[in-house]
Amino acid sequence: MLNNIGPMGLILIAVVVLVLFGRGKVAGLMGEVGKGITSFKRGMKEGQDELEKPAETKDVTPSETAKDKV
């Protein structure tokens with residue numbers, strides 16, 4: 001469906017959006033979209049860093065005092 005739009009269709013859509021919402025509203029919206037993309041990229045990088053760092057292992061074997069109580 002979106003394959004038929006073409007460059008003229010995109011320009012027409014952009015003009016209609018500008019007329020309906022105004023330049024200030026569209027600029028503010030694009031700023032928020034930019035912040036969202038930046039936040040998403042930062043989250044992806046933090047997740048990747050977390051996966052790459054060595055995992056901390058924790059000893060979960062029961063202690064001697066716990067064996068005596070059972």
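Atoms considered below: every heavy atom in the structure, side chains included; atoms not considered: hydrogens, waters and symmetry mates. All residue numbers refer to positions in the sequence shown, counting from 1.
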Completion exercise
The side chain to side chain contact (heavy atoms under 4.5 Å, CB included) partner of Arg42 among Met44, Glu46, Lys45 is Glu46
Practice task
Could you grab the distance from atom CE of Met30 to atom CD1 of Ile37, nearest 0.5 Å is fine?
Solution key: 9.0 Å
Handout entry: Listed partners of Lys41 passing salt bridge (Lys or Arg N to Asp or Glu O under 4.0 Å), at least two apart
Key = none
Handout entry: Path from Ile13 to Val19 over hydrophobic side-chain contacts below 4.5 Å
Key = no
Exercise for the section: Flag yes if Val15 and Leu18 sit in one hydrophobic cluster, no otherwise; membership is Ile, Leu, Val, Met, Phe, Trp, Tyr, and two members link when side-chain heavy atoms are under 4.5 Å apart. Expected result: no
Handout entry: Under-4.0 Å salt bridge between Asp49 and Lys53
Key = no
Problem - Ile5 versus Leu10, closest heavy-atom pair with distance - result: CG2-N, 3.7 Å
Problem - Check: Thr38 side chain, Gly34 main-chain N or O, donor-acceptor pair, under 3.5 Å - result: yes
